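All ligand and atom numbering here is 1-based and tracks the order in the structure. Because the structure is predicted, anything quoted here is derived from the model rather than measured.
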Amino acid sequence: MDFSEVTGLLKADLSRLEKAIRENYKSDIPLIPGIGDYLVNGGGKRMRPLLLLLSSKLFGAETDDRTIRHCCVVEYIHSATLLHDDVVDATTLRRGHETVNSKWGSDASILIGDYFLSRAILLLANDCEPKIIQAIAQTARTLVEGGILEFTNARKLDVTEELILDVMYRKTASIISVSCRLGALLTHADEESEELLTSFGDDFGMAFQLMDDVMDYDGTEELLGKPAGTDLKEGHVTLPLLHLYQNCDRRLRKEIEQFIKRPDLSQKELEYIIERLREAKSIEYTLDKARAYMDRAKKTVRNAKIQSPKYLEALLAVADYIIERHTAAKPCA
Ligand code: FPP
Ligand code: MG
């Protein structure tokens, strides 16, 4: 099964989801649906709802209104994090489109993010299970901690790999993990399966962010929807750059220390660093880590008490897609 077959398998659910996403941000304040439509029409793979849907189907569940509501909750929270993140990073391009902060201003981006969060809370208020409410509330807290931790360590090279992985867990893996866990919680799967789905999501999320960090240096603008090297310009010390910094000579170390301070790096300077990352096998090092996380995720989910093997196959296909997206686009040097 490949990724397009997975989305084909979920076609009816995904179109129901798109409708619900649009319905639920309706407001009589025109700017809200205005920006909402701009974002929804701008694409996105709906990765978190997709994982939630597949996880619930693993346990034999039919998609009902409650499942779709929780898909909207995770997607809205995710959208809020991106709207806020783009303000923090002063990003101007996302998924090939101008960001909301660039088009409407930072105030609009922050407030529309807040609106999405408020809609997520309201949708969640329809749920009576404290475990579900606690899981999502805890994730919202972890996401904000991730954003703050990343922001306070921006442009710093004296960070550890452990800290970088911690930021990745909080800002990315936490919401991916809770999306998978929700599949088990909503279907009242046994506790062991709930734990396995959570671990699957943790590792999937780490692999997902590692691939994102690799592709930021090694992907094409067409694939990324933004120029390569954005992380370096925005001052994010991700794993490829840290690996290079910790394994290079004094001269290059000094250059990196200068580069990380500068949001105005030229294309030539970015290409110079990308070349050094390839030479030092920093891309390969990060890719290997991503593959290891994803392999463990795949092994873990196979142990859950699955009722529908077709959806296990689909979940594994999504895991492969995340890793292969890079390799398919550009074989690693
Ligand atoms: C994008 O990562 C950023 C995040 C996944 C989350 C950052 C979290 C916050 C800004 C806190 C806000 C939290 C809430 C709940 C509103 P990235 O920068 O690696 O990806 P990108 O390159 O696509 O921007
Ligand atoms: Mg960002």
Tell me whether the NZ or CZ atom of R276 lies within the 45° cone about the ring axis of Y272 and under 6.0 Å from its centre.
yes

If we number the atoms of ligand 1 from 1 as shown, the ones under 4.0 Å from a heavy atom of V144 are 11 (C), 13 (C), 14 (C), 15 (C)

Strictly below 4.0 Å, N to O, side chains only: are K57 and D13 in salt-bridge contact?
yes

What do we get for Q209 next to ligand 1 when only non-hydrogen atoms under 4.0 Å count, side chain, backbone, both or neither?
side chain

Pick one of side chain, backbone, both or neither for how H236 approaches ligand 1, counting any non-hydrogen atom pair under 4.0 Å.
neither

If you compare D212, L224, L149, T99 by their heavy atoms, the one closest to atom 20 (O) of ligand 1 turns out to be D212

I need the minimum non-hydrogen distance between K45 and R325, along with the two atoms involved.
NZ-NH1, 3.8 Å

Please determine if E145 and R141 form a salt bridge, counting it only when a charged side-chain N lies under 4.0 Å from a carboxylate O.
yes

Distance filter under 4.0 Å to L143 heavy atoms, resulting ligand 1 atoms:
8 (C), 11 (C)

Using the rule that Ile, Leu, Val, Met, Phe, Trp and Tyr join whenever any side-chain heavy atoms are under 4.5 Å apart, tell me whether V87 and I32 fall into a single cluster.
no

Pairs touching residues 123-135 that satisfy side-chain hydrogen bond (donor to acceptor under 3.5 Å, both in side chains), sequence neighbours left out
R66-D127, R66-E129, H70-D127, E129-H188, K131-E194

Proximal ligand 1 atoms for H84, defined as those under 4.0 Å from one of its heavy atoms:
16 (C)

Less than 4.0 Å is my threshold; does some heavy atom of K226 fall inside it relative to ligand 1?
yes

Relative to ligand 1, is R94 under 4.0 angstrom through side chain, backbone, both or neither, heavy atoms considered?
side chain

Nearest heavy atom to atom 12 (C) of ligand 1, choosing from D86, D216, T81, belongs to T81

Answer whether the closest heavy-atom distance between the side chains of F204 and I322 falls below 4.5 Å.
yes

Under 3.5 Å: N/O of D231 near N/O of ligand 1:
no

Looking only at distances, can you tell me whether any N or O atom of T172, backbone or side chain, sits closer than 3.5 Å to an N or O atom of ligand 1?
no

Could you list all the side-chain hydrogen bond (donor to acceptor under 3.5 Å, both in side chains) pairs where at least one residue sits in residues 98-117, not counting sequence neighbours?
H84-D114, E98-S102, T99-N101

